[in-house]
Amino acid sequence: MKVISRRRILQLGAVAMGGALVASRVAQPFNLLPNQTGQALRSVPLLPARQPEPGLVVAELEAIEAVVAVAGVTAKLKTYNKMFPGPLVRVQEGDLLRLRFINRLANIHTNLHFHGLHISPNVDDPFLHGHPGDMAHYEFELPKGSAGTYWYHPHAHGEVAQQLFSGLAGAIVVAGPADELPELKAAEEHLLILKDVTLAGVEVAAHLPFDVAGKEGNLVMVNGALQPVLQAVKGTLRLRFVNTSTARYYNLNLEGHAMHLIATDGGFIETPVALKGLSLAPGERAEVLVQLERPGRFRLLDGANELMTLVAPARPEPTPLPARLVEVEKLDLSQVKTTRQVIFNRAGLGEFRINGQRFDPARTDIQAHLGDLEVWEIKNTLGNEHPFHLHTYPFQVLSRNGIAEPFRAWKDTVNLNGNESVKIVVPFRNFTGRTVFHCHIAEHENSGMMGVLEVVA
Ligand code: C2O
Ligand code: CU
Ligand code: CU
């Protein structure tokens with residue numbers, strides 16, 4: 001039985017009301033491009049970077065409003081470097097990334113968060129608020145063993161949902177030794193950034209009070225386009241998915257093909273896992289291999305909806321899957337020092353909370369010690385789904401409703417369905433400082449579903 005969550009019900013209500021609300025703006029026409037769907041998939045342009053010395057990558061990002069192509073039309077979005085999605089930051093394990101960031105948005109605070117990267121909370125600081133015109137310098141090293149797919153987005157509390165929904169998101173790809181495996185090098189690689197938006201005329205539809213349940217856009221895009229076409233050249237594809245939506249979940253299937261999971265949020269798993277379908281909660285990433293066995297056009301579906309069409313080559317010759325990718329560390333649970341409960345609940349309709357508390361940047365909710373291994377039991381007492389996300393410190397999921405996870409993987413975001421509970425194990429390594437954990441439905445985080453973690457020496 002498919003249960004429609006409360007969030008979805010509210011969303012359906014929102015669509016109906018939204019229709020009435022935008023009716024008065026119909027006079028503002030879209031600037032229609034020749035074809036709104038079915039264009040060739042655009043690959044995400046690289047962020048231009050300088051390498052003044054080996055291992056040092058220097059680049060600039062600015063948050064700025066710009067009129068860009070989105071879903072086959074043009075509209076005014078909040079962007080990074082006037083691009084939607086934001087430019088791809090491609091780096092290597094061990095690189096030092098030096099990023100200058102300027103807030104050119106009028107009247108709003110913003111900052112940068114490097115979602116999923118194990119870097120110091122003093123650099124990746126979610127409490128920092130950059131005023132308009134401010135410049136910030138972010139400099140950090142990409143950890144060894146971190147090869148994988150990450151992303152960047154704003155983290156100025158209270159503004160995140162609107163800013164993310166309006167276009168402020170980009171991907172980070174960290175390359176590492178495992179990418180040199182011949183089976184991976186033989187595959188054709190594509191980054192697929194998933195994002196939804198609703199336009200009201202040439203602007204992004206504003207968040208309204210009832211959107212606190214989670215705003216899902218009516219235009220669902222891959223790399224900023226509606227139902228683009230990916231013409232494959234090789235027989236095996238490596239697809240990197242990033243869910244950059246504020247609230248939309250994706251339940252992905254590729255017609256006629258199995259997807260073989262090779263990486264989750266925090267990088268490679270040990271061996272490929274054949275999936276029945278791939279679900280991605282807001283914030284999550286996954287990498288899959290797809291072997292094309294025959295020519296044809298195959299739809300990438302989200303539930304019943306077409307997201308993209310994949311065109312296989314005339315005579316596809318799929319290359320084999322790797323037998324083994326990397327070793328994922330087995331954490332020694334006998335060393336666990338502390339077990340905690342993190343409870344998702346709410347104070348009233350639309351007032352989402354953690355352990356009954358509304359986010360307060362001045363309060364420390366959890367204090368942990370550097371070097372400790374902790375188990376967190378995350379309990380969702382609500383009937384709808386919430387993705388739990390922890391900054392800075394990657395974790396492994398141990399069990400879901402008491403059932404052990406089928407394989408080891410590093411994660412930073414894990415979904416909880418209604419009334420589920422999930423146990424994770426987190427090693428607090430390398431960095432002290434204050435950071436946050438929260439629900440990654442950005443509207444819930446906005447409403448206060450976030451807590452402060454401080455790691456002390
Ligand atoms: Cu994408 Cu606080 O995170
Ligand atoms: Cu994050
Ligand atoms: Cu939530």
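Remember, it's 1-based here, ligands and their atoms both numbered in the order they're listed. Model, not experiment: these values are computed from the prediction.
Between F437 and W376, the ring center distance clears the sub-6.0 Å criterion. H155 has its ring centre less than 6.0 Å from the ring centre of H391.
With sequence neighbours excluded, no residue satisfies ring pair (Phe, Tyr, Trp, His ring centres under 6.0 Å) with F101. Applying the salt bridge (Lys or Arg N to Asp or Glu O under 4.0 Å) test to R285 and every residue at least two apart in sequence or in another chain returns D265, D412.
Protein atoms of type N, O or S found under 2.8 Å from atom 1 (Cu) of ligand 1 total 3.
Atoms of the protein (N, O or S only) found under 2.8 Å from the Cu ion (ligand 2) are H113 NE2, H389 NE2.
A distance-only check finds a donor-acceptor pair linking the side chain of K195 to the backbone of F165 [under 3.5 Å]. In this structure, N81 contributes its side chain and E62 its backbone to a donor-acceptor pair below 3.5 Å. In this structure, the side chain of Q227 engages the main chain of E306 through a donor-acceptor pair within 3.5 Å.
Rounded to 10°, the angle formed at the Cu ion (ligand 3) by ND1 of H386 and ND1 of H444 is 100°.
V242 and A171 get closest at one heavy-atom pair: CG2-CB, 4.4 Å.
Figure legend: R434 and F127 shown as a cation-pi pair, the cationic atom lying under 6.0 angstrom from the six-membered ring centre and within 45 degrees of its axis.
Shown here is K423, whose NZ atom has no more than 12 heavy atoms of other residues, nucleotides or ligands within 6.0 Å.
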